Amino acid sequence: MAADRYDAPTREKHWQQAWELKSLFEASEDDQRPKYYVLEMFPYPSGRIHMGHVRNYTMGDVVARYMRARGHNVLHPMGWDAFGLPAENAAIERGVHPAKWTYDNIATMRGQLKSMGLSLDWSRELATCDVEYYHQQQKLFLDMLAAGLVDRKTRKVNWDPVDKTVLANEQVIDGRGWRSGALVEQREQPEWVFKITDYAEDLLDALQDLDRWPEKVRLMQANWIGRSEGLIVRFETIEGTAPEDFATIEVFTTRPDTLFGAAFLAIAPDHKLARAIASTDRDSQAFIDECHHHGTSAAELETLEKKGFDTGVRVAHPVIEGAELPVYIANFILMEYGTGAIFGCPAHDQRDLEFARAYDRPVTPVVLPPGEDPSTFEIGEEAYTGDGVMINSDFLDGLAMADAKIAMADRLAARTSDGAPQGVRKTEFRLRDWGISRQRYWGCPIPMIHCETCGIVPVPADDLPVKLPDDVSFDVPGNPLDHHPTWKTVACPNCGGIARRETDTMDTFVDSSWYFARFCSPRASVPTDTNAVGYWLPIDQYIGGVEHAILHLLYSRFFTRAMHKTGHVTIDEPFRGLFTQGMVTHETYKDADGKWLLPEEVTLRDGKAVQVKTGAPVTVGAVESMSKSKKNVVDPDNIIGAYGADTARWFMLSDTPPERDIEWTAGGVEGAHRFLQRVWRLVGEAADKGAAPGTPAPVESGTEAEALRRAAHKAVAGVTGAIEKLRFNTAVARSTSWPTRSRLRCRASAKQSEDDLKFAMREAAQLLARIAAPMVPHLAEECWALLGNEGLVAEQPWPEADSALLTEDTVTIAVQVNGKRRDELTIARDASKEDIEAAALGLENVTRAIGGRKIKKVVIVPQRIVNVVA
RNA sequence: GCGGACGUGGUGGAACUGGUAGACACACAGGACUUAAAAUCCUGAGGGGGGCAACCCCCGUGCGGGUUCGACUCCCGCCGUCCGCACCA
């Protein structure tokens, strides 16, 4: 007889050791079973794991354990996204070396992850800051360079003039540097870029085939790539108003149909015309300077008040004889998109409208919404962006919008201006090339050398790796690699002269764009072992946060194509299945002074939230995603220490659909824990009172026993289906319902000592242990052992539900009268429509509801519903 | 600003391809056990109304329309909340 409580924290360690002893989770390509690669996005080693990790890795583990039980050769690795800014911040703030800080964090977090009982192949562990890893990454970079996938471009960065450093967008707060508080300046800087735009079309088209990706992620990526068909229109400048060499201004537009409504031209502050004007005009220079005193993030730029500067340049309207339009420099025009210049049509674009109102430009509607009268239609505060019929547009009048686009494009293509067609059809993409240069120490060095005589030359492959120097100082602002005394000095591989190493390091998105491929052969002396990647890739199921929906996933898709081109993999799409899980949220708490409080500092007394120590009142705030700044965090270690990993895992899977945000509550954790204890007691009872292991099924079962068997087999079918669809919350519900319901039956069986019931009881307990194993693996092992079974449940195949026990002979269906449910009907599953109709119309409640009216129609859907229309 | 999602009892949520809305749980209430409490076990319940009662009626999936024999589910228009926006990872 077992103790009366399951001591999870102690027993969990035992089972973890048992798995490790048998190396159950180490994968090899040398295996006859079908492969299955499941991966969760690897963590940044910030210090300790958080509940978001617990949720993410629990989900992945359920899939891994389930697929293993289904007879697959499962690869389920773990590593560390270990380069990045926080390590440098720690160095600046606390004087710890980034490497020490990072590896210490990894050690802590590895221990925490191990305590979760994840079925990971730890033999493949890697950290992106390992020299072995970034060495291979530098090789990939050189291969991509040779393949023409690397370029050098000028880009804008946030410059902190006090700290003399480039700031990340998150380090710019209200236009100021987070540390110095200085006003940020935009600065142009030459950078290394990956030519992702070469693949824009392909990355977009291939989304269609990613049918195991969430629709919303595909949509977001499609919008991000932003393919648009349009027209480059050449506007001729009016003589004498523009500087020399600016006979025309090129504008990209997707709305050539609205050209008759054009009220102005606007160019980006970095447009070459803007620069030319500013070189001789102080006012325009001042305006451009003002534009440069904002962060570079799109969100910031686009929420700015729209401002413009009239350059005095005038252009001729291309299709209205004699009409002229003013040219403004405007703060909301991006140089990166299209030609860096637009024509503004205020009536049909909201931004243009706001600009026109501010600068007193005419608003002429040219598209008439359906049902409006052309003589009275006016634009108020809102631009009209919908479809309609052209008005006020000369030769376009009366055409539909789509036809007008074509007509205008044809007209402009046929005209020449300055010796070239005035309009040229063009497909533009919003997607920009991927700038990977970072002026940081803690990243993968870009293996390039700047030589005064030979230009920029790659580091020869034999000289790799370019290692980060250990002896760096963070006392001086800026990039430590740049002011290291010796590191950057190197002999030019070409001429042998003194040259300078590239001091930029790579964006950490590069590291995470191929780690999944490296996991296939983590110790290979080349980036990827072709056998290994050929066997394991693509990833069958990738799981991670929706916040990575665009950048990480898109970069990885590009990088896989680049690795294909350079011969490192043979596929284009790395992630066959993708699942994005929601965040973990918690209530927030503040004391009387408005200071944030940790959940563990708060307790409920007489229904009121108070501080544990002082009893002082606490204000309970909104439920928000867990963040250190708001202190609404719960440390997984505390939960696992108090309740065990299975409780944390169970809670993370239950109730809330996996793609949605989950609210962590103390009550929920206790509920999960109580349930697991109940399962353990129930299985203990079944072990004591049920049939002995290996007892064959009795020939016949009584009603009680049959009901119990049905419940168990339905649970198996339900959990199987739910896990297949990654509906973990439903899987939990399916496994909780029958132990709850069967309690009495189990007890009854024990009392009556009948063989059929004893058998059913054992069968049910055995099945429960097996279907719960992916979700609560430790408890499942405990139950498996308690029931007297040999071996580990982790080695058991997934149970099959007996289909004979899944379907009932009779069904209960609802009977509606005029769409309202009036009664229900229990009838043979295969009853004919006639029988169902007769039975339904014979019901007293139905007759009453019909109330003597004439029956017009009876809708019968067998096994589902009857609807009498009267 | 642009793009994307989400909204169902007191709470988290379930509901297959349009077919009994509220499964399963949390919290709550009542009961059993206990000297007592905790734990455990049992029972109840969307809201409102009627009936001694088995039961019956009305309303109900953010709001307003529409399609349909039938709508949480499909369509149109609102409202609210959350996420991403290229140097956080």
Side-chain angles (χ1 to χ4, degrees), chain A residues 4-5 41 43-44 46 81 83-86 155 157-158 166-172 191 214-217 219-220 222-224 226 296-304 306 332 336 350-351 354 430-440 507-509 512 545-552 554-555 582-583 585 622 624-625 654-657 659-663 665 667-668 670-672 674-675 677-678 681 721 727 729-730 732-737 740 743-744 747 812-824 845 848 856-859 861 863-870:
Chain A
D4 56 355
R5 272 185 82 77
M41 293 178 183
Y44 178 77
S46 56
D81 190 9
F83 275 136
L85 270 182
R155 304 200 142 232
V157 293
N158 300 308
V166 177
L167 298 174
N169 282 334
E170 70 158 14
Q171 297 175 321
V172 179
E191 295 202 337
E215 188 54 40
K216 62 169 177 179
V217 175
L219 240 173
M220 282 196 243
N223 288 330
W224 185 260
T296 56
S297 82
E300 190 176 337
L301 291 177
E302 294 189 29
T303 45
L304 288 174
K306 318 246 167 320
F332 60 95
E336 290 83 9
Q350 192 60 33
R351 281 194 300 193
E354 284 167 32
R430 209 185 73 98
L431 183 69
R432 308 201 301 258
D433 274 331
W434 173 12
I436 62 157
S437 286
R438 299 291 182 269
Q439 293 68 44
R440 318 260 179 235
D507 178 9
T508 56
F509 274 122
S512 56
V546 70
E547 66 275 17
H548 294 291
I550 297 174
L551 293 180
H552 163 59
L554 190 64
Y555 289 152
M583 295 179 305
T585 64
E624 296 187 59
S625 70
S654 33
D655 288 348
T656 305
E659 70 279 6
R660 225 182 277 181
D661 289 353
I662 189 171
E663 186 188 350
T665 60
E670 272 163 29
R674 271 204 298 276
F675 174 76
Q677 291 286 350
R678 195 196 298 161
R681 277 194 302 272
R727 305 283 298 165
N729 57 321
T730 325
V732 164
R734 298 294 186 136
S735 23
T736 52
S737 57
T740 312
R743 269 176 287 189
L744 286 176
R747 305 253 148 81
T812 301
I813 59 179
V815 181
Q816 300 180 333
V817 176
N818 291 333
K820 279 187 182 167
R821 182 183 161 283
R822 293 300 174 185
D823 208 335
E824 60 183 30
N845 283 342
R848 178 158 14 98
K856 292 181 192 145
K857 185 169 150 189
V858 182
V859 180
V861 183
Q863 295 176 40
R864 291 214 187 274
I865 206 163
V866 177
N867 190 8
V868 181
V869 187

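Small disclaimer: the values here were computed from a predicted structure and weren't measured. Side-chain atoms are counted along with the backbone in the values below, which use heavy atoms only and exclude waters and symmetry mates. Numbered from 1 within each chain, the chains take letters A, B, ... in sequence-line order.
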Quiz item: Under a 4.0 Å N-O cut-off, is there an ion pair linking A:Arg727 with A:Glu659?
Solution: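 Between A:Glu659 and A:Arg727 there is a salt bridge, with a charged N closer than 4.0 Å to a carboxylate O.
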
Quiz item: What is the distance from NZ of A:Lys820 to P of B:A21, rounded to the nearest Å?
Solution: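 Taking NZ of A:Lys820 and P of B:A21, I get 12 Å after rounding.
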
Quiz item: What is the distance from CZ of A:Arg155 to C1' of B:C87, rounded to the nearest Å?
Solution: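 These atoms are roughly 10 Å apart.
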
Could you check whether the side chain of [X] and the base of [N] have a donor-acceptor pair of N or O atoms closer than 3.5 Å, going by distance alone?
| X | N | value |
| --- | --- | --- |
| A:Asn223 | B:G3 | no |
| A:Glu670 | B:C26 | no |
| A:Arg848 | B:C56 | no |
| A:Glu663 | B:C26 | no |

Check this one for me: any side-chain N or O of [X] less than 4.0 Å away from OP1 or OP2 of [N]?
| X | N | value |
| --- | --- | --- |
| A:Arg438 | B:C87 | yes |
| A:Lys216 | B:G3 | no |
| A:Arg660 | B:G7 | yes |
| A:Arg864 | B:U17 | no |
| A:Asn169 | B:A86 | yes |
| A:Thr508 | B:A89 | yes |
| A:Arg727 | B:A14 | yes |
| A:Arg674 | B:A25 | no |
| A:Asn818 | B:C69 | no |
| A:Arg678 | B:C41 | yes |
| A:Arg681 | B:C41 | yes |

Quantified in whole Å, what is the [atom1] atom distance between nucleotide [N] and nucleotide [M]?
| N | M | atom1 | result |
| --- | --- | --- | --- |
| B:G12 | B:G19 | C1' | 26 Å |
| B:C78 | B:G22 | P | 33 Å |
| B:G47 | B:U11 | P | 12 Å |
| B:G62 | B:C58 | P | 22 Å |
| B:A14 | B:C26 | C1' | 15 Å |
| B:G66 | B:G60 | P | 14 Å |
| B:C85 | B:G64 | P | 36 Å |

Heavy-atom check, side chain of [X] versus side chain of [Y], under 4.5 Å:
| X | Y | result |
| --- | --- | --- |
| A:Asp661 | A:Thr585 | yes |
| A:Thr812 | A:Glu824 | yes |
| A:Thr296 | A:Asn158 | yes |
| A:Val866 | A:Val858 | yes |

Which nucleotide, [options], lies nearest any side-chain atom of [X]?
| X | options | result |
| --- | --- | --- |
| A:Trp224 | B:U20, B:C87, B:A86 | B:A86 |
| A:Glu824 | B:C87, B:U20, B:C82 | B:U20 |
| A:Ala298 | B:C58, B:C85, B:C82 | B:C85 |
| A:Arg821 | B:C85, B:U20, B:G19 | B:U20 |
| A:Asn158 | B:C87, B:C57, B:C69 | B:C87 |

Practice problem: Could you tell me the separation between the CG atom of A:Leu219 and the CH2 atom of A:Trp224, rounded to the nearest 0.5 Å? | Solution: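 Spacing of CG (A:Leu219) from CH2 (A:Trp224) equals 15.0 Å.
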
